[in-house]
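Note that this is a predicted model, so its numbers are computed, not measured. The first residue in the sequence is number 1, and the count goes up from there.
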Amino acid sequence: MAKDIQGLGLGLASRFAGSELAKKYGLRKPAERMAYLWTKKGFQFVGKLQADKAKKKAADPLLLAAPAAHGLFDLTLTDEQQMIKDTVRSYAEEVVRGLAHDANEAMTLPENYLEDIQALGLNFFSVPEVLGGAAQSYSPTTSAIIAEELAWGDMSLAFATLAPVAVANAIVRWGTPKQKDTYLPNYLGEKPVKAAIAVQEPNALFDPKQLSTKAKKTKRGFEISGIKNLLPFGGEADLYLVAARYKKQPRLFFVRGDSEGVSWKVSPGMGLRATATGTLKLDSVHVDSDAMLGDDTFNYQAFIDLGQLHWCALAVGACQAALDYLIPYVNEREAFGEPISHRQSVAFMVANIGIEMESMRLMTWRAAALAEMGKPFHREAYLAHLLCADKAMEIGTNAVQLLGGHGFTKEHPAERWYRDLRVLACVNSGLHL
């Protein structure tokens with residue numbers, strides 16, 4: 001900056017000394033003298049600045065003070081989160097992915113799948129330490145990481161794995177002490193828990209705030225009637241957390257799978273076929289007076305938002321799996337004597353998948369981080385779900401397109417990813433981070 005000032009002044013003085021105006025009024029000599037003095041003073045000024053700068057540099061090698069802590073969003077995982085991420089990814093790669101094709105074709109979970117996956121300890125990490133579990137803190141971000149890595153193996157099996165954990169998460173956050181003592185110990189046993197959240201209804205343009213399922217107060221507790229769909233476990237769930245309208249407000253109720261008035265209808269979906277999805281009908285089902293989740297502090301909107309983020313995390317994992325599969329494929333697949341990745345149309349499509357997938361992950365983790373800090377996150381969760389619902393379908397479609405004829409066959413997993421990822425456009429909840 002000092003050199004710029006010096007050069008500017010010298011240039012102006014020299015230009016004026018050679019001008020007709022200076023000659024006419026006899027100002028050439030004073031102007032030349034001014035240019036000389038400006039140059040001399042300028043070099044002295046620059047020298048002083050450089051000396052001060054060197055002195056400051058010797059005293060402060062950092063030059064600039066460290067920025068103050070401001071709480072900006074940081075994507076860096078903690079050591080514990082990185083360990084969990086690596087562990088779940090290893091299990092997804094070695095076990096889950098190998099089971100995905102046959103489970104999809106059979107439209108049911110692999111034999112002993114839920115028993116085997118308990119080795120990951122997800123049930124224990126959903127229960128706080130004070131209740132005998134292993135969870136030390138509430139962390140939607142960690143839950144999102146787990147969902148993403150499991151979905152990298154297979155989105156359908158990940159949904160079945162995390163559906164019971166989602167019920168536990170809701171109980172831990174909003175359940176009364178009695179509800180926690182009643183239901184959470186089941187997650188610490190050797191037998192896997194089959195539980196699911198029932199929010200989705202088979203209505204056009206379903207809005208989770210406008211529920212058709214109704215609950216009314218009775219002498220013994222509550223009576224619930226309605227229909228829920230897209231539920232896992234083929235009607236064998238032990239417990240459902242059912243969303244119903246009560247006194248013009250949406251609330252959640254515990255309903256045991258063997259309750260009188262509960263019936264099940266098999267209704268396989270386009271995707272998520274390994275979970276044996278179906279429709280649950282509740283015909284005047286009676287539940288106890290303590291069956292309503294939580295108390296007046298229950299936040300239904302936050303519950304829905306966390307569910308949408310869980311679906312977003314599953315979609316991110318499936319999209320990452322698609323990208324990891326496509327990159328080596330387009331580099332190895334040849335057409336007209338060269339890899340198809342040399343074609344700009346192919347290269348750009350793969351690059352766009354990576355870009356959109358990273359944006360999905362960033363928005364999902366951002367919303368989860370806000371929820372973890374106890375800050376408002378509804379806007380971020382809504383935007384994340386909107387983006388993921390749109391881009392997940394786009395990525396699924398492009399994965400099939402890039403594989404060409406192979407993408408249409410079951411020899412490659414692209415068609416399964418395409419079908420599974422479509423669910424984000426038509427589901428509003430059913431999970432909980």
> Return yes if a side-chain donor-acceptor contact under 3.5 Å exists between Asn331 and Ser341, otherwise no.
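There is such a pair between these side chains.
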> Determine all donor-acceptor pairs shorter than 3.5 Å in which one atom belongs to a side chain in residues 388-400; sequence neighbours excluded.
residue, atom, partner, partner atom, Å
Lys391, NZ, Glu394, OE1, 3.3
Thr397, OG1, Met393, O, 2.8
Asn398, ND2, Glu394, O, 3.4

> Does Ser345 have any side chain to side chain donor-acceptor pair (under 3.5 Å) partners at least two apart in sequence or in another chain, and if so, which?
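With sequence neighbours excluded, Ser345 shows a side chain to side chain donor-acceptor pair (under 3.5 Å) to no residue whatsoever.
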> Can you run down the salt bridge (charged side-chain N to carboxylate O under 4.0 Å, His left out) pairs that involve residues 221-248, sequence neighbours left out, and say none if there aren't any?
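For residues 221-248, and leaving out neighbouring residues, the salt bridge (charged side-chain N to carboxylate O under 4.0 Å, His left out) pairs sorted by first residue read Lys194-Glu236, Glu201-Lys228, Lys216-Glu223.
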> Within the 3.5 Å criterion, strictly below it, is a donor on His412 or Tyr329 matched to an acceptor on the partner's side chain?
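No, Tyr329 and His412 have no side-chain donor paired with an acceptor closer than 3.5 Å.
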> For Glu380 and Arg366, indicate whether the former's side chain and the latter's backbone hold a donor-acceptor pair under 3.5 Å.
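Here the side-chain-to-backbone pair does not exist.
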> For Thr141, does its backbone N or O pair with a side-chain atom of Glu372 as donor and acceptor, under 3.5 Å?
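Yes: the side chain of Glu372 pairs with the backbone of Thr141.
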> Which pairs pass salt bridge (charged side-chain N to carboxylate O under 4.0 Å, His left out) with one or both residues in residues 112-135, sequence neighbours excluded?
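Not a single pair qualifies under salt bridge (charged side-chain N to carboxylate O under 4.0 Å, His left out).
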> Is there a donor-acceptor contact under 3.5 Å from the side chain of Arg422 to the main chain of Trp417?
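Side chain of Arg422 to backbone of Trp417: no pair is present.
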> Would you say His378 and Gln301 are linked by a side-chain donor-acceptor pair, where the criterion is simply a distance under 3.5 Å?
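Yes, His378 and Gln301 have a side-chain donor paired with an acceptor closer than 3.5 Å.
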> Not counting sequence neighbours, list each pair that qualifies as a side-chain hydrogen bond (donor to acceptor under 3.5 Å, both in side chains) and has a residue in residues 266-281.
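Only Ser267-Thr279 qualify under side-chain hydrogen bond (donor to acceptor under 3.5 Å, both in side chains).
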> Any salt bridge (charged side-chain N to carboxylate O under 4.0 Å, His left out) involving residues 313-330? Give me the pairs, sequence neighbours left out, ordered by first then second residue.
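Sorted pair list comes back empty.
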> Given the rule in the side-chain contact (heavy atoms from CB on, under 4.5 Å) test, do Lys180 and Leu131 qualify, once you have shown the distances and angles that lead to the verdict?
CA-CA 9 Å; Lys180 293 175 182 177; Leu131 297 177; 4.3 Å; yes
> Does Phe222 have its ring centroid less than 6.0 Å away from the ring centroid of Phe253?
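Yes: the rings meet the under 6.0 Å criterion.
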> Pairing donors with acceptors under 3.5 angstrom, does anything connect the side chains of Ser212 and Asn203?
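Yes, a side-chain donor-acceptor pair sits under 3.5 Å.
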> Checking side-chain contact (heavy atoms from CB on, under 4.5 Å) for the pair Val96/Tyr113: CA distance, chi angles, key distance, verdict?
CA-CA 9 Å; Val96 177; Tyr113 172 75; 4.1 Å; yes
> Does either side chain, that of Tyr300 or that of Arg251, offer a donor lying less than 3.5 Å from an acceptor on the other one?
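Judged by distance alone, the side chains do not pair up.
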